Amino acid sequence: MPVFDYDPPERFVAGAVGQPGARAFFLQARAKGRLTTVGLEKFQVAALAERLDELLDEVLRMSGGTAQVPAIAPADLTDNGPLDLPIDAEFRVGTMALGWDPEASQVVIEAQEITDEDDEDAPEPAVLRVRVSAGVARAFTKRAQALVAAGRPPCPLCGQPLDAEGHICVRLNGYRASQGVRERAERANRRGPGRGRGGACRRRVSPP
């Protein structure tokens, strides 16, 4: 079982390549000339970010506020840079696990290779194991949440994600919403919820 161990990494981020609606998502760790990239799904990135925040909040609560855990991501740990090249995935992630090491005040993140459970002769799955400080974990979460949110804009009629060519909208009785609908949704999203006439949020909650 190959284990890609980073304790700690110089950089640990989630990133994506491709256009909204057709993006490929990755986790990437780098340290001392080593670079490990693993592929995963968008929902896994979202779940990891959510569980990390929950873990850190729980550690902070259980310590009575004395743990070395920032409540929000420290500004000096912000990382908005692109993924490092080359983006060659070692494996695709199946399961993930989180833990807290109280002695080192570190979060331990393990991403395990997806396996065929029915294949008894399959080799042991590979694992990416990363140990990071609570501040780095908060920064990872903030970037991951922004990454997930930067996908396709919602249809202003039904709220479902819009592809570049539109989509089959249930509010249009199965007809395809046009590119013009997508452009209006993007403009509404830039204005923010409820701003201006015809905003995406306003239309989405109106009756059919």
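All of these numbers come straight from a predicted model, not from anything done at the bench.
A donor-acceptor pair is defined here as one N or O able to donate and one able to accept, closer than 3.5 Å; such a pair exists between the side chain of Gln28 and the backbone of Asp84. Panel note: side chain Arg92, backbone Ile114; no donor-acceptor pair is recorded below 3.5 Å. Judged purely by atom type and a 3.5 angstrom limit, Arg143 uses its side chain to pair as donor or acceptor with the backbone of Asp79. Judged by distance alone, the side chain of Glu113 and the main-chain N or O of Pro125 form no donor-acceptor pair under 3.5 Å.
In this structure the side chain of Asp5 never reaches within 4.5 angstrom of the side chain of Val130, judged on heavy atoms. In this structure, the side chains of Trp100 and Leu56 come closer than 4.5 Å at one or more pairs of heavy atoms. Proximity of Val17 to Phe26: side-chain heavy atoms (C-beta onward) are separated by under 4.5 Å at one or more points. In this structure, the side chains of Phe12 and Tyr6 stay at 4.5 Å or more apart for every pair of heavy atoms. Looking at heavy atoms from C-beta onward, Leu98 lies out of side-chain contact with Val108 at the 4.5 angstrom threshold. At least one side-chain heavy atom of Phe91 sits less than 4.5 Å from a side-chain heavy atom of Phe4. A 4.5 Å side-chain heavy-atom check between Met96 and Gln44 finds at least one atom pair inside the cut-off.
Residue Glu50 places its CD atom among more than 12 non-hydrogen atoms of other residues, nucleotides or ligands, all under 6.0 Å distant. Heavy-atom contacts from other residues, nucleotides or ligands closer than 6.0 Å to CD of Glu54 number more than 12.
Residue pairs that meet the side-chain hydrogen bond (donor to acceptor under 3.5 Å, both in side chains) test with at least one member in residues 122-138, sequence neighbours left out, are Asp53-Arg138, Asp57-Arg138, Asp101-Arg131, Glu110-Arg129.
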